[in-house]
Visitor: 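What follows is a structure written as structure tokens; I'll ask about it next.
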Amino acid sequence: QAHICTFEGDANLISIAKDINKENKNVEFINGNIDNTLAQHLSKRINKIDLVYVDANHTYEATMNYFNQLLPFHHSQSIFIFDDIHWSAQMKKAWEEIKAHPLVTSSIDIFDAGLIFFNPDFQKQHFTLSFY
């Protein structure tokens, strides 16, 4: 019953995804550069966001922009996931700033991605999972 929004810059990939998901009427496909389409989409949004998976422009500035644009739409049970948090020095810097944000109560670093939580019942803590 969730409403799912997916952002993609490649119209061909959108076409394939729409074909695969033709029976899923709850998926909204947003085509265009997410640096523009995210802000446009959020400007029309009234509901809070439960789950976000950010796998887009892997620069410090872009990642921080996505986080700051999405932040007003979080609630205490929201989970934001950022992909490739160790991909570059810029992504590592963005991850450190995101998890230190005052509204972020907990984070989990699973190396390939980072999960952040906003639950005020959690005390500020950060976890790193190691795989050997």
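The first residue in the sequence is number 1, and the count goes up from there.
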Visitor: Quick check on the hydrophobic clustering: are Trp95 and Tyr60 connected, directly or via other members, by side-chain heavy-atom contacts under 4.5 Å?
Guide: yes
Visitor: Do you know the tightest heavy-atom contact between Val104 and Lys99?
Guide: CG1-O, 3.8 Å
Visitor: Roughly how far, to the nearest 0.5 Å, is NZ of Lys18 from CG of Leu13?
Guide: 12.5 Å
Visitor: Tell me yes or no: between the side chains of Asp50 and His75, is some donor less than 3.5 Å from an acceptor?
Guide: yes
Visitor: Of the non-hydrogen atoms in Gln40 and Lys44, which two are nearest, and what is the gap between them?
Guide: O-CE, 3.4 Å
Visitor: Could you tell me whether a side-chain N or O of Asn21 sits under 3.5 Å from a main-chain N or O of Ala17, the two making a donor and an acceptor?
Guide: yes
Visitor: Taking the side chain as every heavy atom from C-beta outward, state whether Val54 and Ile34 have any atom pair closer than 4.5 Å.
Guide: no
Visitor: Determine, step by step, whether Phe80 and Tyr53 satisfy the side-chain contact (heavy atoms from CB on, under 4.5 Å) criterion, reporting the C-alpha distance in whole Å, the side-chain angles of both residues, the deciding distance to 0.1 Å, and the verdict.
Guide: CA-CA 6 Å; Phe80 288 8; Tyr53 189 95; over 6 Å; no
Visitor: Do Asn57 and Tyr66 come close enough that some side-chain heavy atom pair is under 4.5 Å?
Guide: yes
Visitor: In the single-linkage hydrophobic clustering (I, L, V, M, F, W, Y; side-chain heavy atoms under 4.5 Å), do Phe29 and Ile49 co-cluster?
Guide: no
Visitor: Count the heavy atoms belonging to other residues, nucleotides or ligands that lie under 6.0 Å from CD of Glu61, then report whether that count exceeds 12.
Guide: no
Visitor: Can you see which heavy atom on Asp35 is nearest to which on Ala62, and at what distance?
Guide: OD1-CB, 4.3 Å
Visitor: Give a yes or no on whether Ile79 and Val52 share a hydrophobic cluster (residues Ile, Leu, Val, Met, Phe, Trp, Tyr; joining criterion: side-chain heavy atoms under 4.5 Å apart).
Guide: no
Visitor: Give, for atom CD of Gln77 and atom CG of Leu51, the distance between the pair rounded to the nearest 0.5 Å.
Guide: 12.5 Å
Visitor: Roughly how far, to the nearest 0.5 Å, is the CD atom of Gln69 from the CG atom of Leu38?
Guide: 4.5 Å
Visitor: Over all heavy atoms of both residues, which pair between Ile14 and Ile30 is shortest? Give the atoms and the distance, please.
Guide: CD1-O, 3.9 Å
Visitor: Indicate yes or no: at least one non-hydrogen side-chain atom of Phe67 is less than 4.5 angstrom from one of His101.
Guide: yes
Visitor: Quiz question: by atom type and distance under 3.5 Å, do the side chains of Asp84 and His58 form a donor-acceptor pair?
Guide: yes
Visitor: With rounding to the nearest 0.5 Å, note down the distance linking NZ in Lys124 to OG in Ser107.
Guide: 8.0 Å
Visitor: Does the His74 side chain pair with the main chain of Leu71, one donor and one acceptor, at a distance under 3.5 Å?
Guide: yes
Visitor: Can you name the nearest heavy-atom pair linking Phe73 to Leu42, along with the distance?
Guide: CZ-O, 3.4 Å
Visitor: For residues 108-122, run the donor-acceptor check on the side chains, cut-off 3.5 Å, and write out each pair with its distance to 0.1 Å, sequence neighbours left out.
Guide:
| residue | atom | partner | partner atom | Å |
| --- | --- | --- | --- | --- |
| Asp109 | OD1 | His86 | NE2 | 3.3 |
| Asp109 | OD1 | Phe111 | N | 2.7 |
| Asp109 | OD2 | His86 | NE2 | 2.7 |
| Asn119 | OD1 | Asp121 | N | 2.8 |

Visitor: Any donor and acceptor pair, going by atom type alone, linking the side chain of Asn31 with main-chain N or O of Glu8 inside 3.5 Å?
Guide: yes
Visitor: Given Thr63 and Met91, is the side-chain contact (heavy atoms from CB on, under 4.5 Å) satisfied, shown in steps?
Guide: CA-CA 8 Å; Thr63 301; Met91 288 300 292; 3.2 Å; yes
Visitor: Give the minimum heavy-atom separation between Ile98 and Met64, together with the two atoms involved.
Guide: CG1-SD, 3.8 Å
Visitor: Could you walk me through whether His41 and Cys5 satisfy the side-chain contact (heavy atoms from CB on, under 4.5 Å) test, starting with their C-alpha distance in whole Å, then the side-chain angles of each, then the deciding distance to 0.1 Å, before giving a yes or no?
Guide: CA-CA 9 Å; His41 174 75; Cys5 300; 3.5 Å; yes
